[in-house]
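Worksheet: one structure, shown below.
Below, chain A is the first sequence line, B the second, and so on; all start at residue 1. What's counted below: heavy atoms across the whole structure, side chains too, no hydrogens, waters or symmetry copies. Keep in mind that this is a model prediction, so the values were computed, not measured.
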Number of protein chains: 2
Amino acid sequence: MAAKLGILAGSGELPLFLVDACRTSGRPVFVLGFQGAADPQRLGDAPHAIVRLGAAAEGLRILRENGVEELVMAGPVRRPSLASLMPDWRAAKFFARIGLRALGDDGLLSAIIKELELEGFRVVGIESILGGLLAPKGPLGRIEPDEQARADIARGLEVARALGALDVGQAAVVQQGIVLGVEAADGTDALIARAGSLRREGLGGVLVKIAKPGQERRADLPTIGVRTVEAAAKAGLRGIAVEAGAALVVDRAAVAAAADQAVLFLVGVEAP
Amino acid sequence: MAAKLGILAGSGELPLFLVDACRTSGRPVFVLGFQGAADPQRLGDAPHAIVRLGAAAEGLRILRENGVEELVMAGPVRRPSLASLMPDWRAAKFFARIGLRALGDDGLLSAIIKELELEGFRVVGIESILGGLLAPKGPLGRIEPDEQARADIARGLEVARALGALDVGQAAVVQQGIVLGVEAADGTDALIARAGSLRREGLGGVLVKIAKPGQERRADLPTIGVRTVEAAAKAGLRGIAVEAGAALVVDRAAVAAAADQAVLFLVGVEAP
């Protein structure tokens, strides 16, 4: 039997998908959810505990007590300031060594993964547990981007790439060449809503979401699901482009159906 | 007597400041305001007309009929889609030649300036009319940035620079190393409000606003005024850093007083 998997759970549907996959394959699982991010109601009946993000010693103790050997990170967590994190001695030791200031999210998550491995855990990527999540190249539903949409995708890729290189965000919305918004601490859902309120007349915009260049692939890969598609439709977008081979599409069949339903394209593209 | 100055007016206080400066120096002036941006109430009693952005032929005719020889652009204009612009024959001719899609705001404004010069107008920068607007290096009020603020400024400069190089926006807000938001089509006021709703506990964030690398200096230089300072204070920011020698500070004494009043720093820095 495979070693017990510990899921470090943020928000969204991914943690439960992982729980279900483990159940299906008969693999033992334990969920450590982060307060304010993970929703215990959405973890099913999997054994779990909820800890403060800053309570590193307690989190490590719980993982060990529950016999976890392998870890996977799933679902976004709102990044707190050092002040609101209230780090315990173990977290404080970590931050004293790495310094919090200079790091973007990906830099921070990479450092946390390194730390977890020093503690003796193996940290794996979601893809190694849930196969088939990575977006393929090409359209996922029936709609395909037209010429204007392809131009907007190209502009969005260029912008998201530059933002990602600075470890700021993974997404941009472009309408008819106008960059309506780029993602930072607000996250993709907020970006989409914002783009809706900024939209111009005529052909709608496109959401582009890609991994950061050199991104730690075991942490926070760009993710979209049915909710992303529904939000995009509500904001008047015409489609979504994600990075083929790097973005996670949660529940592909349902996502493709939602896109068709909303007459919205969803396409895997290569990042520049 | 100096040639009559035509002010192509967007929103904000700059157009009226220019009108007042012309009055003071006895220079004849005419304001061509853009519908939806320029507020006729804020143009004083200067001779003016309001035109649709897409009505290029009418705008050019009005400028000529009013004897305008030199032009200055002042105040932001919300960029429309080609569909909502409803270009007349003259504007359509322009867009047919340059193509709208591929251009960022600065690219578009540069092309418009070139077009106006082909029409026989001289286009000048605001600074040549209103001296002393450019931000100097160093603090403008009594408060100075501390170490954390300087680190946030450095991060903001790096991010704003990359965004600017792609002709996306001029500003970013950073709090304790976390990029709360970056400016795109929403503009600086919306960015500040957004950053307020995303703010973390502890030391507040910093707004950084700089010119785009290679920016056409006769168009849309980064501008701050008393309202920017008040909005920043309301959003819990600790200070504002603008590019020395490139950002316009409208009514410097009032802005510095507002910053002191709000216990907020305002500093001119060199862009990387």
B:Arg78, part contacting chain A, at a heavy-atom distance under 4.5 Å: both

Structural part of B:Leu191 lying under 4.5 Å from a heavy atom of chain A: neither

Where B:Ala184 and A:Val182 come nearest, the two heavy atoms and their spacing: CB-N, 4.4 Å

Which portion of A:Asp105 sits near chain B, non-hydrogen atoms under 4.5 angstrom: neither

A:Arg155 side chain near B:Val168 side chain, heavy-atom distance below 4.5 Å: yes

Step through the shown structure and confirm whether more than 12 heavy atoms of other residues, nucleotides or ligands are within 6.0 Å of [atom1] on [X].
{"X": "B:Glu270", "atom1": "CD", "result": "no"}
{"X": "A:Arg52", "atom1": "CZ", "result": "yes"}
{"X": "B:Arg227", "atom1": "CZ", "result": "no"}

For chain B, the option from A:Val179, A:Val174, A:Asp167 that forms the most heavy-atom pairs under 4.5 Å: A:Val179

Spacing of [X] atom [atom1] and [Y] atom [atom2] [to the nearest 0.5 Å]:
{"X": "B:Gln176", "Y": "A:Arg79", "atom1": "CD", "atom2": "CZ", "answer": "9.5 Å"}
{"X": "B:Glu201", "Y": "A:Leu85", "atom1": "CD", "atom2": "CG", "answer": "10.0 Å"}
{"X": "B:Glu158", "Y": "A:Leu166", "atom1": "CD", "atom2": "CG", "answer": "5.0 Å"}

